[in-house]
Amino acid sequence: NEVGWPGVAHIEGRDFSAAIEQAKSMKGFTARDVEKAAKLPGPKEYTVGFGRQTILDAAGSVISLVDQGKLSRIVVIGGCDGTEGERSYYKDVAQGLPDDSLILTLGCGKYRINGLALGNVAGTDLPRVLDMGQCNDSYGAAAVALALADHYKTDLNGLPLSLALSWFEQKAVAVLLSLLHLGV
């Protein structure tokens with residue numbers, strides 16, 4: 001047992017069938033849970049799953065929007081914003097951005113802006129918020145930025161790209177060193 005916890009089952013050989021069966025056997029959401037959630041403020045659905053490859057596959061559309069002047073800036077909002085209710089840095093940043101900006105989220109900071117109705121990039125069908133995953137997916141945001149820099153024959157600092165990052169954990173050092181290595 002790698003973690004030293006007695007009785008903890010481990011997934012061997014990528015066979016997730018036991019975890020899937022356990023999930024299927026759980027109670028799940030009740031009708032009452034759904035009714036309570038429907039009364040909460042904010043959107044009821046979130047568009048997620050925009051990992052690195054999904055964004056790279058749509059790079060032509062993003063580049064076209066930049067070239068047409070419909071997309072002025074890409075902002076990466078990532079990391080922790082803490083659990084204290086008074087912390088609102090990421091929410092403030094997202095709400096202050098112009099309608100022709102695109103927000104790529106990483107890490108828990110996304111939970112501060114998920115409830116905001118930010119719509120689409122002005123004049124397009126592209127959602128303004130694309131979630132690229134958790135903080136461990138920072139590589140994906142770097143890969144997207146590097147692909148854009150390659151297309152425009154510039155470095156990362158020459159892109160219409162802004163970073164709003166804050167991490168409170170050890171992995172922040174790895175993310176920071178990676179950004180420094182990339183010349184940001």
Side-chain angles (χ1 to χ4, degrees), residues 36-56 58-59 61-62 65-66 69-149 152 154-184:
K36 284 173 43 179
K39 294 177 183 174
L40 294 173
K44 304 304 174 223
E45 296 179 7
Y46 301 112
T47 304
V48 297
F50 296 97
R52 166 180 47 95
Q53 194 57 51
T54 303
I55 301 286
L56 289 173
S61 299
V62 172
L65 292 174
V66 171
K70 292 183 178 180
L71 181 60
S72 66
R73 181 144 301 274
I74 299 171
V75 179
V76 178
I77 293 180
C80 310
D81 204 8
T83 58
E84 293 81 9
E86 67 273 5
R87 289 192 181 175
S88 63
Y89 173 68
Y90 292 137
K91 181 179 177 182
D92 296 343
V93 168
Q95 288 178 315
L97 293 171
D99 290 343
D100 64 347
S101 61
L102 174 65
I103 302 168
L104 302 179
T105 61
L106 292 167
C108 296
K110 76 176 109 257
Y111 301 117
R112 297 289 184 165
I113 64 175
N114 273 351
L116 302 177
L118 296 174
N120 294 338
V121 173
T124 75
D125 292 331
L126 182 67
R128 283 194 57 217
V129 179
L130 302 179
D131 176 36
M132 297 194 67
Q134 291 302 319
C135 48
N136 295 334
D137 300 314
S138 297
Y139 170 78
V144 169
L146 288 169
L148 288 171
Y152 286 110
T154 186
D155 63 6
L156 292 179
N157 296 312
L159 293 174
L161 176 69
S162 298
L163 303 174
L165 304 173
S166 171
W167 273 283
F168 299 139
E169 298 181 8
Q170 298 87 345
K171 59 189 129 193
V173 174
V175 172
L176 175 62
L177 291 175
S178 298
L179 291 172
L180 291 174
H181 174 75
L182 293 170
V184 176

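Counting begins at 1 with the first residue of the sequence.
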Query raised in the report: Is the closest side-chain heavy-atom distance between Leu156 and Leu159 below 4.5 Å?
Result: yes
Query raised in the report: Quick one: are Pro98 and Arg73 in side-chain contact, heavy atoms under 4.5 Å?
Result: no
Query - Positive for side chain to side chain contact (heavy atoms under 4.5 Å, CB included) with Val62, one of Leu71, Val121, Leu130 - result: Leu71
Query raised in the report: To the nearest 0.5 Å, how far apart are OG1 in Thr105 and CD1 in Ile113?
Result: 5.5 Å
Query raised in the report: Considering all heavy atoms of both residues, which atom of Tyr90 and which atom of Ile77 are nearest to each other, and what is their separation?
Result: CD2-CG2, 3.2 Å
Query raised in the report: Can you list every side-chain hydrogen bond (donor to acceptor under 3.5 Å, both in side chains) pair that touches residues 93-102, not counting sequence neighbours?
Result: Ser72-Asp100, Ser101-Arg128
Query raised in the report: About how many Å separate CG of Leu161 and CG of Leu102, when rounded to the nearest 0.5 Å?
Result: 10.0 Å
Query raised in the report: Are Thr124 and Asn120 close enough that a side-chain donor and a side-chain acceptor fall under 3.5 Å?
Result: no
Requested in this report: Side-chain contact test, heavy atoms from C-beta onward, threshold under 4.5 Å: evaluate it for Val144 versus Ile74 and give yes or no.
Outcome: no
